[in-house]
Amino acid sequence: MKVCKFGGSSLADAKQLTKVIDIVLSDPQRRVVVVSAPGKRNKEDTKVTDLLIALANAGLKGEDTAKPLAAVVARYAEIADELSLGDEIVKAIEKDLIERIQSDKSDSGLYMDLMKASGEDNNAKLVTEAFLARGQKARYASPKDTGMILKGDAGNAYLDDDSYRRLARAFADFEGIVIYPGFFGYRKDGSIATFPRGGSDITGSILAAAIRADVYENFTDVDSVYPVDPRSVPEVNTGIDTMTYREMRELSYAGFGVFNDEAIMPAVQARIPINIRNTNHPSQPGTMILQTRRVIPGTVTGIASDNGFSNIIIDKYCMNREIGFTRRLLTILEDERIPYEHIPSGIDSLSVLIRSSFLDAVKEKRVLSRIKQELNPDSVIVTRDVSIVMVVGEGMAFSAGMLAKATQALAHAGINISMVNQGSSEISFMLCVKTEDRNEAVRALYHAFFD
Ligand code: ASP
């Protein structure tokens, strides 16, 4: 059995929804369909979830909600109309929204979640109608009835682990096609809770894990995952056929934007293969993400990069002999609630790479003064505007010359590398460069490894 999740762009209008239905019906194994709220129909358009946030804000401020409500209803009405689904469903959606708007507003977070969740909930009901209109045996399944119990803060909820058992039981002997709304679940007290934005991926991943699906198909609007971000390297033309969970994790750590690795963690933990596919080109096989794959030695799978890092560089003669030096340094960072990313060290020097968002000017001053006082270094400086570039591939392990090839490519491009870090798994190494050199570095590495 396959669990397939369709994102907002795949459900933005009647034409897209028709493609979705065709895709599902083309494979009898596609039995569980997780849907997002309708997304953007074009670049200038607004996602239904964003319309709902505007509607909720109007409700919270006591403003007139008629206009933002009409904007939301119009999106569903347009789809229902084009597919001749009748106005029953649109009336039901409008009624549901009015009830939500009028509900208790004493906790704005809960109210916001209640409103946001309606985007996927009502869309699942609409999509079910569209399947029924095609003469298919389909039914809407509610996160409440199936036991999708969440906990945590509004807008940032996570799964209560017992949900897997409940969901497996609820799906034990279902028939036909189940349409399931993504993005939200219920707390034990009955209130609605949403995952972070983009959270329908999480719902799909949880269901795939709970029912032990053969594959979790995540339909989006790209043919496959590319080895580099096409915004940095427009000439990239071949996608990745297969990659491992580990490769995906390394790449998405460094800002690989196609999907969020935490979102698909439930499927990864249950070792369910994940297939990223394109709703607009369903004949393309997409990218398969697996536990293991056949590897060609000496090859790279992908290159990712991210900016917004700072480096604290500390020099002290004979640092290597000073017991407790790093512990004391980390205590200072811990006291300031600064998580670190990497700490490469030499005998007389050490750098701590951190995300700049955790080190504003005030914190920087405090941290530097404590380091000077408590560690008595020869020098300590902070460099900002650091970018990381991550080169990833299972094929790199035990292959000589991979790092040399990368450094040579950057040397040819005249780019200085300020830090190098290779994990012990040898499936990735990280290079730090100045943010102004980031795109050029990715391009140089791409041509070195993929041409
Ligand atoms: N509709 C939600 C959002 O826009 C969730 C999702 O699409 O996955 O964030």
Side-chain angles (χ1 to χ4, degrees), residues 3-13 16-17 19-20 32-57 68 71-76 78-79 93 96-97 100 109-127 140-143 148 150 152-159 179-186 192-209 216-222 252 256-267 274-280:
V3 170
C4 14
K5 178 254 164 180
F6 292 90
S9 63
S10 303
L11 294 156
D13 56 25
Q16 290 300 90
L17 174 50
K19 289 183 195 168
V20 167
V32 179
V33 181
V34 176
V35 298
S36 284
K40 290 183 179 194
R41 291 161 292 189
N42 51 57
K43 263 198 182 148
E44 292 73 41
D45 203 12
T46 309
K47 287 172 158 201
V48 163
T49 307
D50 291 313
L51 294 176
L52 286 164
I53 292 171
L55 174 58
N57 280 328
V72 176
V73 175
R75 291 294 306 271
Y76 296 104
E78 183 192 284
I79 300 172
I93 290 173
D96 169 75
L97 282 165
R100 289 182 197 243
L110 289 186
Y111 183 74
M112 187 55 87
D113 270 6
L114 174 79
M115 295 303 297
K116 281 195 292 184
S118 74
E120 338 309 274
D121 202 30
N122 284 321
N123 205 29
K125 290 174 182 164
L126 182 84
V127 170
Y140 154 86
S142 119
M148 178 76 80
L150 310 188
D153 296 339
N156 197 22
Y158 56 94
L159 190 75
I179 316 295
Y180 200 96
F183 192 37
F184 76 97
Y186 286 78
I192 285 185
T194 65
F195 292 121
R197 290 297 303 268
S200 299
D201 281 343
I202 310 179
T203 307
S205 175
I206 290 169
L207 290 188
Y216 171 34
E217 291 183 320
N218 194 305
F219 280 89
T220 160
D221 48 15
V222 290
S252 46
F256 227 53
V258 179
F259 49 86
N260 179 329
D261 62 328
E262 275 170 42
I264 52 177
M265 219 24 96
I274 298 161
N275 191 191
I276 312 281
R277 305 188 63 148
N278 190 349
T279 303
N280 303 314

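Whatever order the structure lists ligands and atoms in, that order sets their numbers, starting from 1. The basis for the numbers below is simple: all heavy atoms, side chains too, and nothing from hydrogens, waters or symmetry mates.
Among all protein heavy atoms, the one lying closest to atom 6 (C) of ligand 1 is S200 OG, 3.3 Å. For atom 3 (C) of ligand 1, the closest non-hydrogen atom on the protein side is R197 NE, 3.3 Å. Remark: minimum distance from atom 1 (N) of ligand 1 to any protein heavy atom is reached at T49 OG1, 2.7 Å.
Residues K5 and V3 fail the side-chain proximity criterion, which asks for heavy atoms closer than 4.5 Å. With contacts defined as side-chain heavy-atom distances shorter than 4.5 Å, the pair I206/F195 qualifies. Residues D113 and F184 have side chains not in contact (no heavy-atom distance under 4.5 Å, counting atoms from C-beta outward). Taking 4.5 Å as the limit, every side-chain heavy atom of I179 sits out of range of all side-chain heavy atoms of K125. Between K40 and D50 there is no side-chain heavy-atom pair separated by less than 4.5 Å.
Distances between N or O atoms of D201 and those of ligand 1 include no value under 3.5 Å. Below 3.5 Å of separation, one finds an N or O of G198 facing an N or O of ligand 1.
At a 4.0 Å cut-off, at least one heavy atom of G199 sits close enough to ligand 1 to count as contact. In this structure, E120 has a heavy atom closer than 4.0 Å to ligand 1.
Near S36, meaning under 4.0 Å from one of its heavy atoms, ligand 1 places the atoms 6 (C), 7 (O), 8 (O).
Summarising the geometry of E78 relative to D13, their closest heavy-atom pair is OE2-CB, 4.1 Å, with the distance given to 0.1 Å.
For K47, every heavy-atom contact with ligand 1 shorter than 4.0 Å involves the side chain, none the backbone.
None of L52, N57, I53 except one satisfies the side chain to side chain contact (heavy atoms under 4.5 Å, CB included) rule with L55; the exception is L52.
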